[in-house]
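Presented below is the structure to which this report refers.
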Amino acid sequence: MKPANLLSWILQLAVSAVLVMAATGKLMSRPESVAMFQQLDFDPGGRYLVGALELVAALLLLTPQSIVWGAVLGWGIMTGALIAHGSRLGFQGDEGQGGLMAAAVWIGCTVVIFLRRKQSQSLRRMFARSDDEGRSDAP
Amino acid sequence: MPTESFSRHAQTMPKALSVDLIRLARFANTMLLLLPALFFAAGYYISFYFHILTVASLFLLLVNFSYRHVQKDHALLRNFGIIGQGRYLIESLGPEFRQYLFLNDREERPFNRTERSEVYRKAKNVDSSDSFGTLLDYGATEIKLRHSMFPTREGGVRPFRVTFGNRSGVTRPYTLKNPMLVSAMSFGSLGQNAIRAIARGAARAGIPMNTGEGGYPKYHLMEGADVIFQIGTAKFGVRNSDGELDETALRELANHEQIRMIEIKFSQGAKPGKGGLLPAEKITPEIAKLRGVPMGEDVVSPPYQKECHDVPSTVAFIARIQDLVEIPAGIKLCIGSFKEFHDFVREMKRQNRFPDFITIDGGEGGTGAAPAAFMDRIGLPLYPALYGVVKILEREGVRDRVKLLAAGKLINAGRQLTAFALGADACYTARGFMLALGCIQALECGRNTCPVGITTHDPQLQAGLDPELKAARVAHYVENTQRDLKEMLVATGKCCPSELSVSNLFIPSGSNLWQFVDKEPLLREALQTETESVAPTPHSES
Ligand SMILES: Cc1cc2nc3c(=O)[nH]c(=O)nc-3n(C[C@H](O)[C@H](O)[C@H](O)COP(=O)(O)O)c2cc1C
């Protein structure tokens, strides 16, 4: 395996592990995560939504065809988490721990997106086909 | 000056309402910068739910940034960002939209909707009568059949029989009982389900099927149909390591009881002067094995048969194959120059060796994959080519030495009868059978993405094609086209297609046949005398 791929897989595994742990906390309504989401006025709908998305992201990250999409989704969720910590929760104390974790996962996702950027070409190809400049007679 | 003032006027004239796409895109790109801030404020002051939008707009902003400042492939995306993507999105759906909504019934190419639906209806065995009147451009371009005041009487039409190989005295001659044959389509260009469906239908309808240049015809042979084995220019299936003919392999194949004839391919209407092409996307391990080629790269056949440098060596090569096998052997080519073909026929006469049949493929013919330049710009259309070939053979007095097969959009009885009148002995069609299988003319044969599972090896796409059901369609298509053909023949008062001649055609000056004939003195002279004369000139035994 190429070193880049190896690094990517290590990051994917680590990120998915964190995501799954975070998701179980939210979906099983652990008191600390309920408290956190209440502080944001984001409970319970937002909590379940974020928890579910985290699970999906973890799943996508572990499926070879969709790694980059999992990373994009994880990146989005973590951006949200960083916003929450930056604007309301802060990075100190028990809750702050979560914020630092979010920052780590955010970086992990960004690196995975970068390493898998070839796959993310499909982002473009989703619209234009591979024989590009559209399908037929474009300049 | 008036033009100058006009243009200045046009430039300054205020438009009441208009969309300036360039400004719109610039505006959108600026707004995209503001959106995250806007949503962040809403998320902060109103509800945390707004932050979902904050994240989404941040993401868009980044994608836009990468379009505008990172990638360099697409100038449009670089200039306009995400909004430019709209063009690709809409354009990529264009072909579908045009086909579904915007193109007229008579507008599409290569087969318009009316032509296709005629095949579909025949294949599904439903009534195919229309009402009110023809939709064709009746006056200008369409070749019509001249009927007779005295249609053929009940029972007067003779059963169709054409025998190949009786003139050269092969051990196993072959008799066609139906004027329609399945033209060359290889395993590779078609998927296995499609081939098996056609083969099963062909077996049921009692017509032979050409294997195409795909190597050992494993799937063509599976359903018990009669098979015409094609030797492509790369000789897949019968080549040795030097790319030359492997005589033992050919003899072995030719001894297979289902293999009835050999067709040596020189060129194909869709890409004369260019060998077969199988794109890498479509090469599975099995195809690589059957053809003996590597995986992962396009398979490009040479544009010529290696043994044939000039006219004498070509005739000798054909004779060599005829001597090797006990079944009729013929050639397939698309006509480029009549002079060349004339020389070819003279050489056959000189060596006194004739192929058992000659297949004339028209430049309008189909293909799994070919460069657009070749499809569009090379090769004589079938009708003029066929007519010229017949005239040359007649002039040399050897018309009875070879049978003539015609190919090129002969998907319905009308076009087939035109070919018969011009001198064909039987009609090949390839795309007719694809349409019978349910081809929707998505024009994706070379991409392995055929949405109806015909020209793909993707098991998920092939799953949609049920061989048993489609085999019935293939058989119905043959039977119903046959019936049309017979009824039209009755209208002309003839007893079999070979009695038709050019005098049974009405050729308007707008058809390519007319224009061609008008330019080619040899043919013009012949055509004029023939259309004037009333007596038909039968050109072959039936
Ligand atoms: C999918 C496809 C594959 C074909 N493969 C071959 C081939 O292997 N060898 C060949 O000589 N012609 C090949 N042809 C050309 C056809 O045999 C035929 O000559 C041509 O399409 C004209 O007939 P049509 O207009 O009825 O389709 C192919 C055509 C199609 C559509």
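The sequence lines fix the lettering, A, B, ..., with proteins before strands; numbering per chain opens at 1.
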Regarding Arg117(A) and the six-membered ring of Phe114(A), is the cationic atom NZ or CZ under 6.0 Å from the ring centre and inside 45° of its axis? yes
With a 4.5 angstrom heavy-atom cut-off, could you sort out which part of [X] is near chain A: side chain, backbone, both or neither?
X: Thr54(B); answer: side chain
X: Ile52(B); answer: side chain
X: Leu62(B); answer: side chain

Ion pair Lys409(B)/Glu115(B), N-O distance below 4.0 Å: no
Side chains of Met434(B) and Thr455(B), heavy atoms from C-beta outward: is any pair under 4.5 Å? yes
How about His51(B) and Phe39(B): are their ring centres within less than 6.0 Å of each other? no
